[in-house]
There are 2 protein chains.
Amino acid sequence: MSDTPDGAGALPPPGEPSLDEQIAAYQREFQDLDPQVEKVVSALGRLNRRMNVAYGRQVSELGISNTEWEVLKTLVLAGAPYRLGPGELAKRLGLTPAAMTHRIDRMASEGLVTRDRDENNRVRVIVELTDEGRAKWLEAMRMASAFEEDLLQDLSSDERGVLGDVLIRLLRRVEDAQPDAGGRLKDLDPDED
Amino acid sequence: MSDTPDGAGALPPPGEPSLDEQIAAYQREFQDLDPQVEKVVSALGRLNRRMNVAYGRQVSELGISNTEWEVLKTLVLAGAPYRLGPGELAKRLGLTPAAMTHRIDRMASEGLVTRDRDENNRVRVIVELTDEGRAKWLEAMRMASAFEEDLLQDLSSDERGVLGDVLIRLLRRVEDAQPDAGGRLKDLDPDED
DNA sequence: GGTGAAGACTTCAAAGCTAAAGTTAGAAGT
DNA sequence: ACTTCTAACTTTAGCTTTGAAGTCTTCACC
């Protein structure tokens with residue numbers, strides 16, 4: 001029902017070498033490289049990059065930015081009255097409290113959230129999703145899930161299951177590998193091949 | 001030979017819900033969601049995020065930032081004399097030329113690259129990797145590939161092959177899905193679940 | 001019930017990015 | 001040769017984020 005999602009999808013940056021070219025080039029420069037490993041890692045990085053571009057394009061049609069969408073998602077994930085404090089939001093989004101303050105400023109001025117002091121504890125602030133914010137989230141979610149289903153459409157249900165399981169194993173492995181600071185590391189680059 | 005890579009690995013942001021919790025919450029709020037699809041997509045996003053944190057930690061031990069490492073990689077990928085113009089670099093990295101100018105400034109002042117006018121065409125500038133830059137790249141590459149092999153160590157060779165192929169199919173699908181601008185979209189968020 | 005410490009934001013200065021305007025060298029037409 | 005166009009950066013202004021330094025409650029202890 002949607003062979004080409006909408007305006008979704010993302011082309012590679014013009015001059016970028018193809019995956020195979022890239023791996024071949026790395027091997028020339030660094031013999032110890034395992035091409036199979038590199039293939040997986042590079043494909044993962046590129047796929048993610050393209051997907052983020054696609055998400056960004058989609059939500060921008062709704063007049064919100066990708067970063068604003070992140071905040072909407074986090075509030076919805078919190079459930080029911082869709083409230084969280086700036087500190088908690090910052091923690092979950094991996095931002096500094098300072099950045100959170102500014103983001104909330106913007107989003108409040110756009111009517112996506114409200115910001116109020118907690119009357120029971122006037123040190124705390126409560127950020128709450130507005131109806132408009134919730135509506136935007138819903139629209140974005142609809143677009144995103146359509147895009148995601150389209151993306152995976154060539155995979156059989158079995159393949160999807162296996163892919164999910166493998167990714168989760170990898171995820172566990174990264175998280176188990178020498179824990180330390182956790183979150184909020186500067187310079188997380190979106191572009192990682 | 002390396003069960004815990006080094007100082008690699010990345011913990012989830014403290015307050016973040018687990019993948020399963022997250023998917024359950026989304027389903028509560030949005031019935032149409034296909035949990036299998038969401039599982040794949042969320043795992044992909046998280047995995048990538050954690051990996052970028054890990055890369056960032058590793059290269060910072062070498063005194064370079066993740067963004068600088070990107071530039072080093074691009075120059076090495078260009079091959080042989082490791083030269084590219086700022087414009088070409090910007091295109092491949094998905095940056096604006098303005099940002100590239102500043103990045104090159106920093107990297108030149110740190111001795112990672114040189115910046116010279118092309119004597120044959122004085123409008124052009126040539127950015128060239130220094131020996132130090134190349135050495136940094138090599139060290140970073142060694143750390144990264146060790147980390148990557150460790151990450152995939154629980155997967156059989158078959159699994160790695162299949163995973164790579166599936167990811168490449170997905171990659172093709174994103175790129176084929178309605179091409180348009182390509183690269184350089186503002187607001188590519190690193191954090192995307 | 002006064003003082004000190006801790007917690008939860010907010011403010012400020014500086015880094016790095018984008019978009020748009022500005023420069024400068026080479027190319028094209030007349 | 002003179003003007004105009006184009007290409008390839010660089011500069012400028014404004015935004016978003018970070019890290020560090022406030023500010024303002026609330027809580028604990030004396």
Side-chain angles (χ1 to χ4, degrees), chain A residues 13-15 52-53 56-57 60 64-71 83-110 113-128 181 183-191, chain B residues 13-15 52-53 56 60 64-71 83-110 112-128 181 183-191:
Chain A
N52 285 341
V53 171
R57 257 227 297 282
S60 76
I64 63 177
S65 73
N66 222 334
T67 61
E68 290 173 328
W69 188 37
E70 292 293 322
V71 177
R83 291 182 193 160
L84 283 175
E88 185 60 27
L89 274 171
K91 255 200 309 194
R92 298 200 189 182
L93 291 167
L95 290 177
T96 60
M100 206 62 239
T101 295
H102 298 316
R103 248 193 223 190
I104 294 168
D105 285 347
R106 296 195 294 278
M107 293 181 69
S109 78
E110 293 165 347
V113 300
T114 57
R115 185 222 308 258
D116 293 298
R117 293 219 96 90
D118 182 342
E119 284 309 326
N120 300 30
N121 182 344
R122 306 191 41 69
V123 152
R124 288 174 179 283
V125 169
I126 297 177
V127 178
E128 180 173 339
R184 196 166 318 137
L185 272 239
K186 67 181 171 183
D187 201 3
L188 309 202
D189 226 27
D191 294 5
Chain B
N52 284 341
V53 171
S60 76
I64 63 177
S65 73
N66 221 335
T67 60
E68 289 174 327
W69 188 38
E70 291 295 321
V71 177
R83 291 182 192 160
L84 283 175
E88 185 59 28
L89 274 170
K91 254 200 311 194
R92 300 201 189 182
L93 291 167
L95 291 176
T96 60
M100 206 62 238
T101 294
H102 297 314
R103 250 193 221 188
I104 294 167
D105 284 349
R106 295 194 295 278
M107 293 182 69
S109 77
E110 293 166 347
L112 297 170
V113 301
T114 57
R115 184 221 309 260
D116 293 296
R117 294 219 95 91
D118 182 342
E119 283 310 323
N120 300 29
N121 182 346
R122 305 191 43 72
V123 153
R124 289 175 178 280
V125 168
I126 298 177
V127 177
E128 180 173 338
R184 195 166 318 137
L185 270 240
K186 66 177 171 185
D187 203 1
L188 308 203
D189 226 29
D191 295 4

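Remember, predicted model here, so these are calculated numbers, not experimental data. All chains are named by letter (A, B, ...) in the order of the sequence lines, taking the proteins before the strands, and each is independently numbered beginning at 1.
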Sugar-phosphate only, base, or nothing, as touched by R117(B) at under 4.0 Å among non-hydrogen atoms | nothing
Which of these nucleotides, dA8(D), dA19(C), dT26(D), is closest to any side-chain atom of R124(B)?
-> dA8(D)
Nearest-angstrom distance from the residue atom CG of D105(B) to C1' of dT11(D) | 11 Å
Between dT16(D) atom P and I104(A) atom CD1, what is the distance in whole Å?
-> 14 Å
Map N120(A) and P86(B) onto DNA chain D by nearest heavy atom, then report which one ends up closer to the 5' terminus.
-> P86(B)
Take the protein atom CG of N121(A) and the nucleotide atom P of dC27(D), then report the distance between them rounded to whole Å.
-> 6 Å
Measure from CG on N66(A) to P on dT16(D) and round the result to the nearest Å.
-> 14 Å
According to a strict under-4.0 Å criterion, is R122(B) in side-chain N/O contact with OP1 or OP2 of dT23(C)?
-> no
In whole angstrom, what separates D116(A)'s CG from dC9(C)'s P?
-> 13 Å
Closest approach of R122(B) to R117(B) (non-hydrogen atoms, all atoms of both residues) = O-NE, 2.7 Å
Are any side-chain N or O atoms of R115(A) and backbone N or O atoms of A108(A), one a donor and one an acceptor, separated by less than 3.5 Å?
-> no
To the nearest 0.5 Å, tell me how far L95(B) CG sits from H102(B) NE2.
-> 11.5 Å
Donor-acceptor contact below 3.5 Å, side chain E88(B) vs main chain G85(B) | no
Checking dT24(C), dT10(D), dT26(D) against the side chain of V123(B) (C-beta onward), the nearest is dT24(C)
Table of protein N/O atoms under 3.5 Å from nucleotides 15-17 of chain C N/O atoms:
residue	atom	partner	partner atom	Å
dC17(C)	OP1	R103(B)	NE	3.1
dC17(C)	OP1	R103(B)	NH2	3.0
dC17(C)	OP2	R106(B)	NH2	3.2

Grab the CG-C1' distance between L89(B) and dC9(D) for me, whole Å please.
-> 13 Å
Rounded to the nearest Å, what distance is computed from the NZ atom of residue K91(A) to the C1' atom of nucleotide dA8(C)?
-> 12 Å
Worked check of side-chain contact (heavy atoms from CB on, under 4.5 Å) between V127(A) and M100(A) | CA-CA 11 Å; V127(A) 178; M100(A) 206 62 239; over 6 Å; no
Looking at dG26(C), dT18(D), dT10(D), which one has an atom nearest to any side-chain atom of R115(B)?
-> dT10(D)
Value in whole Å for how far the C1' atom of dT16(D) lies from CE of M107(A) = 14 Å
Which atom names give the shortest non-hydrogen contact between I104(B) and P86(B), and what distance separates them?
-> CD1-CB, 3.8 Å
Could you check if a side-chain atom of L89(B) sits within less than 4.5 angstrom of a side-chain atom of R103(B), using non-hydrogen atoms only?
-> no
